[in-house]
Amino acid sequence: MDNMKLAELLFPHITKSPEEYEDIFPVRELPEGARVTRMAPSPTGFIHLGNLFSAFADERLAHQSGGVFYLRIEDTDDKRYVEGAVETIVNVLDYFQINFDEGAGITGDKGDYGPYHQSQRAELYQTFVKKMVQNGQAYPCFLTEEELSDIRAQQEAIKANPGIYGKWAVSRDLTLEQIEENLKAGKPYVMRLKSKGQDLPPEEMKTITVNDAIRGDITMPENNMDLVILKATGIPTYHFAHVIDDHFMRTTHVVRGEEWLSSLPLHVELFETMGWPHPVYCHTAHLMKIDETGNKRKLSKRKDPELSLDYYRRDGYHPMAVREYLLNILNSNFEEWRIANPDAPIDEFQFTAEKMSNSGALFDLNKLSDVCKDVLVKIPAAELCQFMIDWAKEFRPEILPLFEGNEAYIEQILDLGRTGNKPRKDLVCAVQIFDFIKYFFDDHFVIENELPENVSKEDAKAILETYLAGYDHNDDQSVWFDKIRTFGAEMGYAAKPKDFKKNPDMYKGHVGDVSTVVRLAVTGRSQSPDIWGIQQILGEERTIERVKAYAAQF
RNA sequence: GGCCCCAUGGUCAAGUGGUUAAGACAUCGCCCUUUCACGGCGGUAACCCGGGUUCGAACCCCGGUGGGGUCACCA
């Protein structure tokens with residue numbers, strides 16, 4: 001077989017030499033130890049938590065080392081393309097404050113290593129396939145779908161591994177004449193790697209060992225499959241594009257999910273075939289969840305709404321909080337660092353691939369809430385208010401007017417109990433915040449809870465009327481509360497809860513019960529921040545109105 | 001099924017041959033307190049199983065079991 005002739009026959013239009021590309025895409029000039037990473041999504045426009053999780057790792061790795069983080073679109077599968085996908089990807093990541101230095105962008109590609117859409121790189125890929133043909137490392141395969149499934153059936157019958165390898169790789173033996181004939185007949189074909197791996201029983205297979213930055217040494221049988229590198233369309237498969245692109249975009253670290261582990265031997269063989277070193281691989285564990293049957297399982301796009309990033313945006317989880325949570329599960333020592341450095345900017349934490357977990361973390365909404373509370377308590381009210389406005393604009397336009405134009409009022413509300421050295425940590429996400437403060441808006445104010453069991457309706461009415469009679473909006477907090485204590489005591493409620501606890505038979509209840517009645521009148525619920533503070537924000541008129549209205553119910 | 005990855009409390013996890021087996025979340029109790037939070041103190045709770053190596057194993061080796069992944073002209 002004349003490989004040179006075959007190469008010309010297959011790729012007459014390829015005229016550039018492989019060496020030229022080394023000059024077009026020179027090794028990057030970066031500081032020592034700088035890392036070049038990438039996010040390489042397929043353009044379905046759907047970005048989920050797992051994508052964000054590894055994008056975050058990529059971004060940290062690059063930006064902590066003075067390197068480059070870029071976006072490459074893996075659009076080798078035309079069926080998957082969704083209009084506006086790049087825009088979605090960039091916007092979503094931007095929301096979580098993850099920014100690209102180069103690569104595909106909303107207004108076009110940016111950077112010297114492009115194009116950053118794989119669909120635009122056909123010539124590059126084909127140049128190297130041509131080279132492989134010349135070296136006898138790749139060959140055309142004309143097998144039809146039927147023939148392929150026939151081979152599979154035969155393999156199943158004798159319990160052989162499925163795939164094109166060893167003696168099953170029949171197209172390896174095609175003569176130049178046969179190929180020429182097929183070509184003339186216009187038969188579609190793919191290009192396959194001519195694997196050097198041998199078809200041996202598993203225990204006799206040669207092995208390869210790769211040092212994974214997360215998992216350490218991984219030993220696997222070498223690849224022996226003649227996998228497709230160029231589809232019939234002339235566009236490469238993921239495997240081949242990965243090798244070419246990450247070489248020429250000079251990627252140093254590839255962070256990807258563990259589902260790629262099984263194709264690692266193929267990628268290693270491809271890099272070896274090309275004569276290039278492979279990048280450092282970081283295979284991350286999948287995010288898991290407990291399903292209905294109590295089993296751990298991979299989070300699935302279809303079934304688990306919490307995997308969708310929209311879910312967090314819709315519920316209004318603050319990007320800072322999501323970042324913080326993600327870092328929690330990304331690097332196990334982050335939490336310790338955060339406790340030691342409560343106020344340090346998150347970017348000061350030194351992220352390392354080595355500290356990434358190699359078992360699948362269960363997604364924990366509880367923990368996320370806790371992280372949110374800690375993060376939000378540090379965000380100034382004005383900023384939170386703006387956050388609520390932005391969120392409402394997109395997801396709850398009907399409540400937007402409550403916020404927009406009322407910033408001063410909202411900020412007072414958000415800061416209720418948050419000042420001082422023991423600030424309340426009540427705020428989790430926008431949906432919850434709105435629910436938490438909605439009694440401040442007359443249209444959303446309703447009585448939600450029942451009277452305490454120690455308080456009769458008659459007493460409730462009396463409490464409210466007495467409260468109203470002695471109400472002075474200008475009282476300071478202690479005067480205000482003393483009044484409640486005093487008339488409560490006169491009505492048979494212990495002035496101190498402890499007294500009631502000691503002698504429950506001597507009292508109807510305690511001052512807490514009395515204040516709860518007031519609380520119900522003012523907020524509609526039995527639990528809230530400090531009533532006095534709420535009344536100050538509400539104003540005298542609305543406070544009195546609410547107390548009157550509630551008293552009228554009894 | 002072949003191959004690969006993984007395995008410490010309910011969850012996330014420290015831990016790399018000798019530890020009272022950290023810490024965080026959740027949970028429970030107490031304290032603080034006008035409710036709820038916040039905060040403080042304390043409690044319950046773990047090395048998947050079986051062999052080996054060793055004076056000694058959560059840790060090393062082998063074999064199970066369980067969970068996950070993968071076996072496409074998808075990525």
Side-chain angles (χ1 to χ4, degrees), chain A residues 40-44 74-77 79-80 118 141 143 145 148 152 156 159-163 188-192 201-202 205 212 215 218-221 225 227-233 235-239 241-242 256-265 283 285-286 288 290 295-298 325 328-329 332-336 338-339 357-371 373 377 417-418 420-426 436 449 452 480-481 484-485 488 493 495-498 510-520 523 525-532:
Chain A
S42 56
T44 57
E74 311 236 324
D75 53 354
T76 54
D77 181 14
K79 282 167 244 136
R80 284 194 176 199
Q118 289 181 333
C141 171
L143 256 25
E145 248 176 76
L148 249 17
R152 172 175 294 265
E156 268 169 29
K159 293 195 161 66
N161 278 337
Y189 67 97
V190 299
M191 295 300 299
R192 289 184 185 273
M205 292 277 283
D212 183 285
R215 292 156 193 269
I218 299 174
T219 300
M220 302 175 81
M225 298 276 174
L227 279 133
V228 173
I229 53 178
L230 224 49
K231 306 183 212 176
T233 53
I235 295 293
T237 55
Y238 167 84
H239 310 291
H242 153 56
R256 41 142 79 149
E258 63 184 333
E259 71 271 21
W260 293 108
L261 229 31
S262 48
S263 43
L264 192 54
H283 287 102
H286 285 139
M288 310 287 280
I290 296 276
N295 290 320
K296 236 186 185 188
R297 65 145 220 267
K298 186 182 167 182
Y325 173 70
N328 254 295
I329 50 179
S332 49
N333 53 330
F334 171 75
E335 209 163 1
E336 236 168 80
R338 178 47 91 201
I339 291 166
S357 173
N358 50 7
S359 60
L362 220 48
F363 185 77
D364 188 348
L365 263 175
N366 251 328
K367 184 77 181 183
L368 174 63
S369 286
D370 183 65
V371 171
K373 288 179 181 175
V377 80
R418 291 212 315 158
N421 47 359
K422 279 195 338 191
R424 299 179 64 97
K425 297 180 181 174
D426 296 310
F436 188 70
N449 296 319
W480 166 82
F481 189 66
I484 293 177
R485 211 192 280 280
Y493 293 87
K496 291 185 177 159
K498 270 187 180 163
H510 62 80
V511 65
D513 295 315
V514 182
S515 68
T516 297
V517 177
V518 177
R519 189 183 304 276
L520 276 164
T523 70
R525 18 197 186 212
S526 53
Q527 297 162 7
S528 80
D530 173 52
I531 310 169
W532 181 82

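Lettering of chains follows the sequences in order, A, B, ..., and the numbering in each one begins at 1. None of these values were measured; they are calculated from a predicted model.
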> For A:Leu227 and A:Thr237, what are the C-alpha separation, side-chain angles and deciding distance, and is it a side chain to side chain contact (heavy atoms under 4.5 Å, CB included)?
Replying inline: CA-CA 9 Å; A:Leu227 279 133; A:Thr237 55; over 6 Å; no
>> Measuring to OP1 and OP2 of B:G39, would you say a side-chain N or O of A:Lys425 lies under 4.0 angstrom away?
In response: yes
>> In this structure, how many angstroms lie between the P atom of B:C25 and the CG atom of A:Asn366, rounded?
In response: 11 Å
>> Given B:C12, B:U34, B:C4, identify the nucleotide with an atom nearest to the side chain of A:Ile329.
In response: B:C12
> For A:Met225 and B:C3, what is the distance between atoms CE and P respectively, to the nearest whole Å?
Replying inline: 12 Å
> Which nucleotide, B:C36, B:U34, B:A75, lies nearest any side-chain atom of A:Arg519?
Replying inline: B:U34
> For RNA chain B, which consecutive runs of 3 or more Watson-Crick or G-U pairs (each distance under 3.5 Å) count as stems?
Replying inline: B:1-7 with B:65-71, B:10-12 with B:23-25, B:27-31 with B:39-43, B:48-52 with B:60-64
> Given B:U35, B:G23, B:C71, which nucleotide is nearest the side-chain atoms of A:Ile339?
Replying inline: B:G23
> Quick one: which of A:Val228, A:Val190, A:Leu148 gives a side chain to side chain contact (heavy atoms under 4.5 Å, CB included) with A:Cys141?
Replying inline: A:Val190
> Which part of the nucleic acid, if any, lies within contact of A:Asp530, taking any heavy atom under 4.0 Å across all strands shown: a base, the sugar-phosphate backbone alone, or nothing?
Replying inline: base
>> With a 4.0 Å limit, can you tell me whether A:Lys422 has a side-chain N or O closer than that to the phosphate oxygens OP1/OP2 of B:A37?
In response: no
> Can you tell which of B:C71, B:A75, B:G68 lies closest to the side chain of A:Arg152?
Replying inline: B:C71
>> Nearest to the side chain of A:Val511, heavy atoms from C-beta on, is which of B:C5, B:U34, B:C38?
In response: B:U34
> According to the interplanar angle, ranging from 0 to 90°, do the rings of A:Tyr238 and A:Trp260 count as parallel (below 30°), tilted (30 to 60°) or perpendicular (above 60°)?
Replying inline: parallel
> Between B:U34, B:C74, B:C71, which nucleotide gets closest to the side-chain atoms of A:Trp480?
Replying inline: B:U34
